[in-house]
Amino acid sequence: MRLATYNIRHGRVTGGHWRGTGRLVRSCAELEADILALQELDVRSIRSGFAHQPRRIARALGAEWEFSATRHIAGAPYGIALLVRGSLTDVEVLELPGGVADEPRRAIVATVTIAGGDGGSSRGTLAVAATHLTLHRADAEVQLAHVAAALSWRGPGPRVLLGDLNLGVEAVRPIVEAAALELVATGPTFPAEAPTKCIDHIAVAGLAVVDATVLATGISDHRAVVATVR
């Protein structure tokens, strides 16, 4: 099973401007993720060609999806999404405490069933949370604890937390470990051209991590984080 989190910066190429939805869609498809958390998506925004980005990406991946707007830019929704090659049930959008008033922070929490590779039986059911936390460290730490707790309330089965957490490893690890999650070790993700900060993360429980990496896609000011688990 392949997990990924990716702040797409509404599809702007690294170091440049928006160049079309097709390139963004390809960069997401190339991650080959069964579960994909995306941040900074546009829906019908003039700056990204009026594309419905979560829908376009989900269609290319053959995925079910859930989008949650965190704010509106020039009247167009902007926010986070969770995409799954399988099914999403018991979906809940959490309003997170703290943060900047003009961009409320949210998390999408759901029960996910991954489809079998041959279209047959499922490859497992797990609880997943996708989020994008505030830039303010103290508030982000509170928000992360809130999301991790929401995953724990889903029960004892496998759990996955994905997102742009705007926190380094030293802040993330004790919070997720307190919720019995294991932080997946990767590397710097921001800024994309020459990353020095590890702020995009995957944490898991009840899953064995086979490998994990950070990928430069040519899109966004973030690199994507991808992990293979079983």
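Quick caveat, the model's predicted, so the values are computed rather than measured. Heads up: numbering here begins at 1 and tracks the sequence. All heavy atoms count here, side chains included; hydrogens, waters and symmetry mates do not.
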Side chain S27, main chain L24, donor-acceptor under 3.5 Å = yes
Donor-acceptor pair, E66 side chain versus L88 backbone, under 3.5 Å?
-> no
Tell me, with the steps shown, if R26 and T217 meet side chain to side chain donor-acceptor pair (under 3.5 Å).
-> CA-CA 9 Å; R26 287 193 299 274; T217 67; over 6 Å; no
Rounded to the nearest 0.5 Å, what separates atom [atom1] in [X] from atom [atom2] in [Y]?
X    : Y    : atom1 : atom2 : answer
Q143 : E95  : CD    : CD    : 11.0 Å
N166 : L133 : CG    : CG    : 7.0 Å
W65  : I108 : CH2   : CD1   : 10.0 Å
L3   : L161 : CG    : CG    : 11.0 Å
D90  : T111 : CG    : OG1   : 4.0 Å
L61  : R85  : CG    : CZ    : 4.5 Å

Can you tell me if S48 and R12 form a side-chain donor-acceptor pair at under 3.5 Å?
-> no
Does a donor on one side chain sit under 3.5 Å from an acceptor on the other, for N7 and E40?
-> yes
Would you call E64 and R55 a salt bridge, taking side-chain N to carboxylate O under 4.0 Å as the test?
-> no
If you measure from the Lys or Arg side-chain nitrogens to the Asp or Glu carboxylate oxygens, is any gap between R9 and D221 under 4.0 Å?
-> yes
Could you go through residues 182-189 and list every donor-acceptor pair under 3.5 Å that involves a side-chain atom there, pairing it with any protein atom two or more places apart or in another chain?
residue : atom : partner : partner atom : Å
T189    : OG1  : K197    : O            : 3.4
T189    : OG1  : I199    : N            : 3.4
T189    : OG1  : D200    : N            : 3.4
T189    : OG1  : D200    : OD1          : 2.5

L162 and V84: same hydrophobic cluster, using ILVMFWY side-chain contacts below 4.5 Å?
-> yes
hydrophobic_cluster_shared for F67 and L36, side chain cutoff 4.5 Å = yes
Under a single-linkage rule joining Ile, Leu, Val, Met, Phe, Trp and Tyr whose side-chain heavy atoms are separated by less than 4.5 Å, which residues share a cluster with Y78?
-> I73
Is there a side-chain contact between [X] and [Y], using heavy atoms and a 4.5 Å cut-off?
X    : Y    : value
Y6   : I219 : yes
T196 : P191 : yes
L181 : V204 : no
V43  : P54  : yes

Just do the side-chain contact (heavy atoms from CB on, under 4.5 Å) check on S152 and R159 with the steps written out, would you?
-> CA-CA 8 Å; S152 297; R159 290 170 287 147; 3.2 Å; yes
Result block: side-chain N/O donor-acceptor pairs under 3.5 angstrom for residues 223-230, not counting sequence neighbours:
residue : atom : partner : partner atom : Å
R223    : NE   : A192    : O            : 2.7
R223    : NH2  : A192    : O            : 2.9
T228    : OG1  : D211    : OD1          : 3.3

Taking only residues two or more places apart in sequence, or in another chain, which ones meet T113 in a side-chain hydrogen bond (donor to acceptor under 3.5 Å, both in side chains)?
-> T125
I would like to know whether Q39 and D164 meet side chain to side chain donor-acceptor pair (under 3.5 Å); could you show each step before the answer?
-> CA-CA 7 Å; Q39 304 88 41; D164 174 358; over 6 Å; no
Who passes side-chain contact (heavy atoms from CB on, under 4.5 Å) against E92, sequence neighbours left out?
-> L94, R154
Sorted by chain and residue number, the ring-ring contact (aromatic ring centres under 6.0 Å, His included) partners of H201 (sequence neighbours excluded) come out as none
